[in-house]
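Read the structure below first, then the notes.
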Amino acid sequence: MRILLIGGGGREHALAWKLRQSAHCQTLYAAPGNAGIAQVAECVPLAAKAIPDIVAFAKRNAIDLVVVGPESPLIAGLADALQEAHILCFGPSRAAAQLEGSKAFAKQILAEVGAPTAPFAVFDDPDAARSYLRTRFLEHPCVIKADGEALGKGVFVCETLSDALEAVEFLMVERGLGTAGTRIVVEDRLYGREMSLLCLTDGQTALPMPPVRDYKRALDGDRGPNTGGMGCYTPLPDATPALIEAALRQIVRPVISEMARRGTPYRGVLYAGLMIQDDQPYTLEFNCRFGDPETQVLMPLLEGDLVELALATIEGRLHETSVRFAPRAAVCVVLASGGYPHEYRTGLPIEGLEQAIESPNVLVFHAGTRTENGQIVTAGGRVLNIVGLGDTVAQARENAYRAVQQIRFEGMHYREDIAAHG
Ligand code: AMP
Ligand code: GLY
């Protein structure tokens with residue numbers, strides 16, 4: 001098959017690496033890709049959001065299957081545009097991607113099916129939001145969320161009423177995130193451990209992948225600002241079969257059934273962001289795609305053929321399919337540019353990549369990299385994902401951090417506590 005992968009981060013490098021191993025993959029293009037993806041695919045300079053250009057490219061190049069990494073093109077309707085052009089797309093329709101595109105929509109579906117999630121209210125008017133917060137905060141701290149797509153910047157976990165009122169001011173009055181914040185969701189704050197549960201679903205059957213723990217804060221000990229993710233690992237000691245089954249029974253399957261009942265079946269990867277509070281899973285959010293960096297630990301453990309899984313998802317055959325993962329561990333450490341998630345420099349040469357991948361238990365997936373005069377240089381905030389594999393999390397962690405020591409670029413920073421405390 002001729003396959004086009006959309007995106008250019010660490011998630012997409014992991015997907016490209018796995019797609020390349022498929023017996024079905026004859027030609028692999030990536031738009032726009034990065035320096036690592038260029039080692040396994042032909043990169044084409046198309047932005048992930050340029051839907052008409054992507055469809056035109058796919059038609060011109062007789063693409064059979066498009067695999068979409070990021071959420072933006074899905075929320076904007078890439079899968080629908082490809083379907084109209086009779087090209088297979090691994091990723092949900094625009095209507096189904098609303099589970100990520102609108103937090104109010106996701107909460108309403110969760111409420112409709114009675115799935116566990118924090119109590120919430122939706123507001124279009126800042127005065128109404130303020131008066132709700134003044135009462136609610138007497139009993140419970142709240143979280144303020146921009147309804148629309150906000151590239152991870154739309155959630156404010158508030159300690160005090162004044163923090164919450166400030167978030168309302170920023171989103172609804174100053175329009176700090178543009179139209180994303182004209183509507184907000186206010187929900188009770190939950191406390192516990194987070195878990196990313198990614199499932200393949202064809203609209204009826206859901207096949208879970210091993211839960212992953214993602215580290216969002218920039219600094220050790222979960223301090224510092226939020227980032228796109230500084231690392232992750234799997235398997236999780238606290239992700240018992242009973243907990244996963246509860247999440248499937250109470251959250252994932254009812255939501256999938258409800259989407260199908262509404263005539264907008266969800267086909268693709270449904271990523272449930274969960275908070276485990278008192279041994280019970282609560283839904284924080286849905287994502288309509290693979291996670292980044294979760295994919296960087298899942299793809300190396302996935303046994304079987306990703307193209308076959310994508311086709312079974314698209315064609316509604318997951319009930320006769322199984323998804324198997326090696327009973328091993330994987331730990332991903334993100335190497336970021338100095339200053340990230342704030343301002344950082346790019347174009348800095350990266351040394352040590354060859355030495356790092358000499359071990360069979362290490363994989364390096366590129367995120368923000370490009371090639372300049374034959375030298376791989378930094379090109380983004382998150383630069384590289386170093387993945388260590390092992391029979392235990394401790395071994396995988398050791399392998400990852402040993403490889404990290406071999407890589408150098410000016411200003412490089414990373415967390416030292418990924419997978420350190422379970
Ligand atoms: P979301 O994009 O909705 O998952 O929110 C981003 C992050 O904000 C989550 O991964 C959590 O760390 C945090 N968060 C979101 N909702 C809540 C909540 N109700 N209680 C506590 N933390 C939350
Ligand atoms: N790891 C968080 C995300 O992919 O949204």
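Small disclaimer: the values here were computed from a predicted structure and weren't measured. Ligands are counted one by one from 1 in listed order, and the atoms in each one are counted from 1 as well.
Proximity annotation for atom 1 (N) of ligand 2: of Thr295, Thr227, Val212, Asp214, Asp214 comes nearest, heavy atoms only.
The aromatic rings of Tyr215 and Tyr233 are tilted relative to each other, their planes meeting at an angle between 30° and 60°. The aromatic rings of Tyr414 and Tyr401 lie tilted to each other, with the angle between the two planes from 30° to 60°.
Nearest to atom 14 (N) of ligand 1 among the protein's heavy atoms is Val157 CG2, 4.0 Å. Protein heavy atom nearest atom 17 (C) of ligand 1, with residue, atom name and distance: Leu284 CD2, 3.5 Å. The protein non-hydrogen atom at the shortest distance from atom 2 (O) of ligand 1 is Glu285 OE1, 2.9 Å. Here the heavy atom of the protein found nearest to atom 9 (C) of ligand 1 is Glu194 OE1, 3.6 Å.
A salt bridge between Arg415 and Asp222 is present, with a side-chain N of the basic residue lying under 4.0 Å from a carboxylate O of the acidic one. Residues Arg253 and Glu245 are paired through a salt bridge, judged by an N-O separation under 4.0 Å between the basic side chain and the carboxylate. Taking 4.0 Å as the cut-off between side-chain N and carboxylate O, Asp305 and Lys18 do not count as a salt-bridged pair.
Close approach of ligand 1 to Met275 (heavy-atom distance below 4.0 Å) involves ligand atoms 21 (C), 22 (N). Each of the atoms 4 (O) of ligand 2 lies under 4.0 Å from some heavy atom of Gly291. For ligand 1, the atoms lying closer than 4.0 Å to a non-hydrogen atom of Lys145 are 3 (O), 15 (C), 16 (N). When each atom of ligand 1 is checked for a heavy atom of Glu187 under 4.0 Å away, the hits are 16 (N), 17 (C), 18 (C), 19 (N). Near Lys216, meaning under 4.0 Å from any of its heavy atoms, are these atoms of ligand 1: 10 (O). Residue Arg289 approaches ligand 2 through these ligand atoms, each under 4.0 Å from one of its heavy atoms: 3 (C), 4 (O), 5 (O). The distance from ligand 2 to the heavy atoms of Tyr271 drops below 4.0 Å at these ligand atoms: 1 (N), 2 (C), 3 (C), 4 (O). Interface of Asn287 with ligand 2, defined as ligand atoms under 4.0 Å from a residue heavy atom, comprises 5 (O).
Of the N or O atoms in Arg11, none lie within a sub-3.5 Å distance of an N or O in ligand 2. At a 3.5 angstrom cut-off on N or O pairs, Lys216 does not count as close to ligand 2. The shortest N or O to N or O distance between Glu285 and ligand 2 is not below 3.5 Å. The distance criterion of under 3.5 Å between nitrogen or oxygen atoms is met by Leu190 with respect to ligand 1.
Only the side chain of Val155 comes within contact range of ligand 1, with a heavy atom under 4.0 Å; no backbone atom does.
Atom CG of Asp279 has 12 or fewer neighbouring heavy atoms from other residues, nucleotides or ligands inside a 6.0 Å radius.
Exactly one residue among Thr378, Leu353, Val334 makes a side chain to side chain contact (heavy atoms under 4.5 Å, CB included) with Leu384. That residue is Leu353.
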Can Ser102 and Asp147 be said to form a side chain to side chain donor-acceptor pair (under 3.5 Å), step by step? CA-CA 5 Å; Ser102 163; Asp147 175 54; 2.7 Å; yes
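Taking all atoms of both residues into account, the shortest heavy-atom contact from Ala396 to Ala329 is CB-O, 3.7 Å.
Remark: the Thr117 side chain and the Lys107 side chain contain an N/O donor-acceptor pair separated by less than 3.5 Å. Remark: the His24 side chain and the Glu308 side chain contain an N/O donor-acceptor pair separated by less than 3.5 Å.
Within the 4.0 Å heavy-atom cutoff, Asp188 counts among the residues contacting ligand 1.
Between Tyr132 and Phe123, the gap from one ring centroid to the other is short of 6.0 Å.
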